[in-house]
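The block underneath contains the structure these notes are about, expressed in structure tokens.
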Amino acid sequence: MTSCVKLDRSFYCRPTLKVARELIGKFLIYDTGRGRLAARLVEAEAYIGEDDPACHAAVGRTGRNAVMYGPGGFSYIYFIYGMYYCLNVVTESQGFPAAVLIRAAEPIEGIEVMRSRYENPGRNLLTNGPGKLCKAFGLSRGQNGIDLTGQKLYFEDRGYKPEMIELSERVGIKKAIDRKWRFFESFSPYVSVTPGKRNKVRHES
DNA sequence: TGTTGGATCAACT
DNA sequence: GTTGATCCAACAC
């Protein structure tokens, strides 16, 4: 058993593709009044700079995306489609807008709390999609701009090493789909919807 | 002040 | 494969 090491500023203030890849297998921790939530990341996407047409910073600096222009290691949470929030972690150094979208994870601790956020959890996976992950964790506008090296919301290395990481085009965007900036753990049942044929389920035997 | 489209999800057919 | 739910940020006027 390896000890838990909180990721520090130097982890985030690096090239975004590197951060996105290395976030796979790390644990997202959220300490709330309702207890501690933890989930192991299986899927993430990179959004890099004003030259990336799919990045929110493509339109330049605005009130909405301002936190992306700050230093790495802060949360960027935005509202979308009238119903969902998405959690990102800001990367790179101050002045360069980039972030990693946290898309899917495997629930580890506080699963009952996550389940309780759903009206009808059924057999649905709780965190296999960026909107669902935020819903399960109870993340919304109020958690935008949080310092991820603090005590409430952060990432931890627990020594888990993904066996295999694949990459594909990013999900749900129409611009710059040639950039294969989505990373996900191969064969994980906790990844979100499959883009194209790249993530097809394979049946042996 | 009004319009438009979006880094989504679930429930349909 | 398609659609409805639902709302805010950005931009046009």
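Below, read A as the first sequence line, B as the second, and so on, with proteins coming before strands; counting in each chain starts at 1. Keep in mind that the numbers below use all heavy atoms, side chains included, and drop hydrogens, waters and symmetry copies.
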Decide if atom NZ of K18(A) counts as having more than 12 heavy atoms of other residues, nucleotides or ligands within a radius under 6.0 Å. no
Taking atom CG as the centre, does D51(A) end up with more than 12 heavy-atom neighbours from other residues, nucleotides or ligands that are less than 6.0 angstrom away? no
Nucleotide [N], atom [atom2] - distance to [atom1] of [X] in whole Å:
X       : N      : atom1 : atom2 : value
K174(A) : dT4(B) : NZ    : C1'   : 13 Å
L125(A) : dT8(B) : CG    : P     : 17 Å
L133(A) : dA7(B) : CG    : C1'   : 14 Å
I80(A)  : dG5(B) : CD1   : P     : 14 Å
E169(A) : dA7(B) : CD    : P     : 15 Å
F183(A) : dA7(B) : CZ    : C1'   : 15 Å
Y76(A)  : dA9(C) : OH    : C1'   : 9 Å
Y81(A)  : dT4(B) : OH    : C1'   : 13 Å

Sugar-phosphate only, base, or nothing, as touched by G82(A) at under 4.0 Å among non-hydrogen atoms: base
Among the nucleotides dC9(B), dA7(B), dG6(B), which one has an atom lying closest to any side-chain atom of H56(A)? dA7(B)
If you only use heavy atoms from C-beta on, which nucleotide in dC8(C), dT6(C), dA7(B) is closest to the side chain of M83(A)? dT6(C)
Given [N], is OP1 or OP2 found less than 4.0 Å from the side-chain N or O atoms of [X]?
X       : N       : result
T62(A)  : dA10(C) : yes
Y84(A)  : dT8(B)  : no
R182(A) : dA7(B)  : no

Has the side chain of E163(A) got a donor or acceptor atom that lies under 3.5 Å from a matching backbone atom of S186(A)? no
Closer to the 5' end of DNA chain C via nearest nucleotide, is it F79(A) or V59(A)? F79(A)
Taking a pair as Watson-Crick or G-U wobble with both distances under 3.5 Å, which nucleotide is matched to dA9(C)? dT4(B)
I'd like to know if Y78(A) reaches the base of dA7(B) with its side chain, counting only an N/O donor and acceptor under 3.5 Å. yes
Is the NZ or CZ atom of R170(A) positioned over Y47(A)'s six-membered ring, under 6.0 angstrom from the centre and within 45° of the axis? yes
Could you state the interatomic distance from CG (L167(A)) to CD (E169(A)), rounded to the nearest 0.5 Å? 10.0 Å
Both K132(A) and M68(A) contact DNA chain B. Taking the nearest nucleotide for each, which residue is further toward the 5' end? M68(A)
